[in-house]
Amino acid sequence: EIAEVTGVQTCALPICSSQQSSMPANSGLDPARAGGEKKRMLQQWLDQNQYSRKGILRYEAIFGRTYVSEGGETTTREFVAQLNLKPGMKVLDIGCGTGGSAFYMARTYGVDVHGVDLATNMIELAQDYRAEMEAEVKHRVQFYLDDATTMAYPRGFYDVVYSRDTILHIDEKEELFRKFLHTLKPGGKLMISDYCHGDQEHSQAFKEYVAGRDYKLHTVKGYGDILKRAGFREVDPADKTGLMVDIMKIGRASCRERV
């Protein structure tokens, strides 16, 4: 199998963050022994904390309706433009959130998008928005509540696997990327934006924040190396910190206006 990666990694902290609860101390349960307990715990934590319905709507107030990722449609437009999408292509959107990218790709490029998210509130909102869409979009977009690390992937099915700011939650990235490679058609593309960290010594506040959210961060280069080990070719890890800082400044200004 040969697949291309158009990788966009970001390095930034979320904006407008109020006091956050931490992942439970036993969130590192061994899935082989604990069965679905780890998934259930993470799903429950996401639904009740970071991705509560109120929290999701707060993200949308900053990034735009149906968007929960940095930059909303602005960054979606920039990232998707690199994929050379054609009508009828199949796209798998991992961590689809409330559907913004899926709706954009279906409407703009005429592709079929299957969106997957572990957060119940995300999928429920995405389904609500889908019901409002024009038929040309509604019939091209489907959303599923599932765990990207454990769900079954059809072989050679998708032209593109797309993921925005999601995989930082996942420790076993190489194993997940092998699944992406398995489900991509020969010559298919993987587009990821995700949070990374730099090479410098990090502040205690940063370390505590990352630990509290149970994020699994790497450097941009390290992220690209994981993709290569998983079997991807033409990997292009790009540091988009500058873009994200500009987006965050706009978001912070928006936050202040709402205070």
Side-chain angles (χ1 to χ4, degrees), residues 3-17 50 59 62-64 67-85 91 93-97 100-101 104-105 148 160-178 180-181 184 188-255:
E4 176 184 351
V5 176
T6 306
V8 183
Q9 278 70 248
T10 69
C11 179
L13 285 175
I15 60 177
C16 277
S17 56
Q50 185 173 1
Y59 280 119
I62 300 167
F63 303 132
Y67 287 99
V68 292
S69 291
E70 299 280 359
E73 187 171 320
T74 299
T75 51
T76 297
R77 185 186 306 113
E78 176 176 331
F79 296 164
V80 170
Q82 303 176 49
L83 297 174
N84 195 30
L85 295 175
V91 179
D93 186 352
I94 297 292
C96 62
S101 291
Y104 176 83
M105 287 186 278
V160 170
V161 175
Y162 175 94
S163 182
R164 294 291 310 276
D165 311 344
T166 295
I167 300 174
L168 76 164
H169 293 288
I170 298 170
D171 193 13
E172 303 84 6
K173 290 180 173 57
E174 184 173 341
E175 181 180 349
L176 179 64
F177 295 156
R178 291 184 188 278
F180 292 169
L181 186 62
L184 281 167
K189 294 183 178 181
L190 171 63
M191 163 66 79
I192 297 172
S193 75
D194 210 356
Y195 294 95
C196 295
H197 64 69
D199 296 315
Q200 73 277 14
E201 178 63 25
H202 302 120
S203 68
Q204 188 60 33
F206 178 86
K207 293 176 181 177
E208 291 175 358
Y209 181 90
V210 170
R213 289 296 189 93
D214 202 28
Y215 289 160
K216 313 299 183 184
L217 304 184
H218 300 266
T219 64
V220 173
K221 180 182 181 302
Y223 209 111
D225 290 341
I226 297 172
L227 287 163
K228 291 175 183 177
R229 290 199 302 271
F232 283 96
R233 303 184 183 183
E234 300 182 37
V235 178
D236 181 22
D239 186 340
K240 291 292 185 177
T241 301
L243 171 64
M244 291 302 153
V245 168
D246 291 341
I247 293 294
M248 288 170 66
K249 289 178 180 178
I250 296 172
R252 286 186 186 279
S254 177
C255 285

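Values reported hereafter were calculated over all heavy atoms of this structure, with side chains retained and with hydrogens, waters and symmetry mates removed.
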**Prompt:** Checking side chain to side chain contact (heavy atoms under 4.5 Å, CB included) for the pair V91/L83: CA distance, chi angles, key distance, verdict?
**Reply:** CA-CA 11 Å; V91 179; L83 297 174; over 6 Å; no
**Request:** Could you check T76 against Y162 for side chain to side chain contact (heavy atoms under 4.5 Å, CB included), going step by step and ending with a plain yes or no?
**Result:** CA-CA 11 Å; T76 297; Y162 175 94; 3.8 Å; yes
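- Interatomic distance, CG of L176 versus CG of L181, reported as 11.5 Å (0.5 Å rounding).
- With K216 contributing its side chain and K173 its backbone, the two residues share no donor-acceptor pair below 3.5 Å.
- Rounded to the nearest 0.5 Å, atoms CG (D199) and OG1 (T219) are 5.5 Å apart.
- Contact detail for G71 and F63: the closest heavy-atom pair is N-CD2, 3.6 Å.
- The two atoms that bring H218 and Y223 nearest to each other are CB-N, 4.1 Å, heavy atoms only.
- A salt bridge does not link E172 to R178: none of the charged side-chain nitrogens sits closer than 4.0 Å to a carboxylate oxygen.
- Under the side-chain hydrogen bond (donor to acceptor under 3.5 Å, both in side chains) rule, R164 has a single partner from D194, D93, T75, which is T75.
- Between F79 and S193 the shortest heavy-atom distance is CE1-CB, 3.8 Å.
- At least one donor-acceptor pair under 3.5 Å links the side chain of S163 to the backbone N or O of I94.
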**Asked** Stepwise, does the side chain to side chain contact (heavy atoms under 4.5 Å, CB included) test hold for V160 with M105?
**Response** CA-CA 11 Å; V160 170; M105 287 186 278; 5.9 Å; no
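- Taking CD1 of I167 as the reference point, atom NE2 of H169 lies at 10.5 Å (rounded to 0.5 Å).
- Using the six-membered ring where Trp is involved, Y215 and Y195 have ring planes that are parallel, under 30° apart on the 30 and 60° scheme.
- The CD1 atom of I170 lies 11.5 Å from the CG atom of D214; values are rounded to the nearest 0.5 Å.
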**Asked** Given F232 and L184, is the side chain to side chain contact (heavy atoms under 4.5 Å, CB included) satisfied, shown in steps?
**Response** CA-CA 11 Å; F232 283 96; L184 281 167; 3.7 Å; yes
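- Atom CG of L168 is separated from atom CD1 of I192 by 11.5 Å, given to the nearest 0.5 angstrom.
- Surrounding NZ of K207 are more than 12 heavy atoms belonging to other residues, nucleotides or ligands, all under 6.0 Å away.
- Within the model, atoms NZ of K189 and CG of L85 stand 8.0 Å from one another, a figure rounded to the nearest 0.5 Å.
- Looking at D225 and R229, no side-chain N of the basic residue comes within less than 4.0 Å of a carboxylate O on the acidic one, giving no salt bridge.
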